[in-house]
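When a ligand or atom number is given, it counts from 1 through the structure's own listing order.
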Amino acid sequence: MSRGRALVTGGAGFLGSHLCDALLGDGWHVVVVDNLLTGRRSNLAHLANEPRFELIEKDICQPFDAGKIDYVFHFASPASPDDYHRHGIETLQVGSLGTFNALENARRYGAKYFVSSTSECYGDPLEHPQKETYWGNVNPIGPRSVYDEAKRFTEAVTMAYRRYHKVDTRIVRIFNTYGPRMQINDGRVVPNFMKQALLGEDLTVYGDGKQTRSFCYVSDEVDGFIRLSKSDEHLPVNIGNPNEFTILECAQLVVKVTGSKSQIRYEPLPQDDPKQRRPDITKARQLLGWEPKVNLESGLRLTLDYFRKAVEERTSAAR
Ligand code: UDP
């Protein structure tokens, strides 16, 4: 039995495409709207013959009508620091104009609405680990503000549509996630280290490598999305892995998993780089019965084949 039609903005991206797979598996007809700024058709190539799937190439910053829909999953945005630095204005636009347009689709058809927010709402956090009740420590004019403030605004518009227009909304705050379909050149730490280790290059650790992140494998992350999408919770929920690693530990683990002989090279720390990050997932545990199952070492092993192929494709294209 079909659950109905789900719109996924940003469905050609890393997380969006995995979400599409999960929704199709759950019985949805899925319509992706994506302008392919940072998303890729290849992430959805395996769905080419799927009758319950459509891809519409369109910029959601312009008003659009996706037709009768039952659920909106708003995932469109550049998300890696390199991408949102390169596309700062587009990041602000999709978080603001794009969010209005996604919400208007939900409002028009009385559809449920689910939006991807981020741990970046907490900025360089002074509370650790981060609970959903923490308001954050964000520099509103620094280089990361194009993303952080766009996402904080996204949350504000979402809550306003709930209060003023009675749209049935949900907000997930996503912490660092990794897995197949990440772009090898998106500049994030896992693809950078994997690529460098597989090519035998130095691993570039920014700063002293003592800053921390907590990495969630993509299947765990998407399982959290699906559970939250079925709940009635409308306040933000953290979905991320609570196991915290220093970036140096992450580098050492990548070297171990790849069996590489790469060395560490230290490079300057980017401005406003959060010093620590770890989700408090008590709420997700209690509310959704959710917690991640895949630890970082196993997840890196699961991702190894994908990165090997991506590195090979890149090197053969460069020849
Ligand atoms: N990082 C690093 N080397 C790299 C890429 C990133 O040391 O080649 C660090 C970065 O400074 C940050 C952490 O790894 O402290 C995570 O960076 P990423 O860009 O993956 O995402 P963020 O959590 O900062 O949004």
Side-chain angles (χ1 to χ4, degrees), residues 13-15 38 77-88 91 95 116-125 128-130 136-139 142-152 172-218 221 238-255 258 260 262-279 296 299-300 303 307 310-311 314:
F14 162 52
L15 286 179
T38 56
S77 177
S80 84
D82 269 16
D83 282 343
Y84 60 70
H85 288 143
R86 201 173 309 129
H87 303 294
T91 303
S116 62
S117 185
T118 166
S119 54
E120 283 285 328
C121 286
Y122 304 123
D124 188 2
H128 193 71
Q130 293 81 52
N137 177 40
V138 171
N139 175 356
R144 294 177 91 100
S145 65
V146 291
Y147 185 63
D148 299 8
E149 296 295 10
K151 286 293 186 181
R152 288 165 68 99
V172 62
R173 290 197 181 135
I174 302 172
F175 285 66
N176 297 64
T177 305
Y178 67 100
R181 300 186 199 154
M182 287 188 102
Q183 296 222 44
I184 191 94
N185 286 330
D186 85 358
R188 280 190 270 212
V189 67
V190 170
N192 267 11
F193 285 175
M194 285 295 232
K195 178 180 65 186
Q196 291 160 344
L198 290 169
L199 291 171
E201 296 172 355
D202 291 347
L203 270 58
T204 51
V205 168
Y206 302 158
D208 60 10
K210 291 192 181 128
Q211 71 273 32
T212 67
R213 294 293 185 276
S214 310
F215 300 96
C216 191
Y217 189 65
V218 64
E221 189 69 34
N238 291 337
I239 296 287
N241 192 310
N243 290 331
E244 187 178 3
F245 292 82
T246 66
I247 292 306
L248 205 52
E249 286 168 338
C250 174
Q252 286 155 353
L253 215 46
V254 169
V255 167
T258 53
S260 169
S262 292
Q263 306 289 311
I264 305 281
R265 189 174 79 233
Y266 291 92
E267 292 198 349
L269 188 69
Q271 190 191 328
D272 296 340
D273 197 282
K275 286 181 266 314
Q276 51 183 359
R277 180 180 294 157
R278 169 155 64 100
L296 182 54
L300 290 174
T303 315
F307 280 119
V311 166
R314 217 181 61 117

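At a threshold of 4.0 Å, the pair Glu120-Lys151 does not count as salt-bridged, since none of the basic side-chain nitrogens sits closer than that to a carboxylate oxygen. Between Asp186 and Arg86 no salt bridge is recorded (no basic side-chain N to carboxylate O distance below 4.0 Å).
Between the side chains of Thr38 and Gln183, no donor N or O sits under 3.5 Å from an acceptor N or O.
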Write 'none' if nothing qualifies; otherwise put on separate lines each N/O atom of ligand 1 with a protein N/O atom under 3.5 Å away and their distance to 0.1 Å.
| residue | atom | partner | partner atom | Å |
| --- | --- | --- | --- | --- |
| ligand 1 | 3 (N) | Thr204 | O | 2.6 |
| ligand 1 | 7 (O) | Tyr206 | N | 2.8 |
| ligand 1 | 8 (O) | Asn192 | ND2 | 2.9 |
| ligand 1 | 8 (O) | Thr204 | O | 3.2 |
| ligand 1 | 8 (O) | Thr204 | OG1 | 3.0 |
| ligand 1 | 8 (O) | Tyr206 | OH | 3.4 |
| ligand 1 | 11 (O) | Asp273 | OD2 | 2.7 |
| ligand 1 | 15 (O) | Gln211 | NE2 | 3.0 |
| ligand 1 | 15 (O) | Arg213 | NH2 | 3.3 |
| ligand 1 | 15 (O) | Asp273 | OD1 | 2.6 |
| ligand 1 | 15 (O) | Asp273 | OD2 | 3.4 |
| ligand 1 | 20 (O) | Val189 | N | 2.8 |
| ligand 1 | 23 (O) | Asn176 | ND2 | 2.8 |
| ligand 1 | 23 (O) | Arg213 | NE | 2.6 |
| ligand 1 | 23 (O) | Arg277 | NH1 | 2.8 |
| ligand 1 | 24 (O) | Arg144 | NH2 | 2.9 |
| ligand 1 | 24 (O) | Arg213 | NH2 | 3.2 |
| ligand 1 | 25 (O) | Arg144 | NH2 | 3.1 |

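In this structure Glu201 satisfies the salt bridge (Lys or Arg N to Asp or Glu O under 4.0 Å) test with no other residue, sequence neighbours excluded. Scanning for ring-ring contact (aromatic ring centres under 6.0 Å, His included) contacts around Phe193 gives an empty result, with sequence neighbours left out. Under the salt bridge (Lys or Arg N to Asp or Glu O under 4.0 Å) criterion, Asp202 pairs with Arg265, not counting sequence neighbours.
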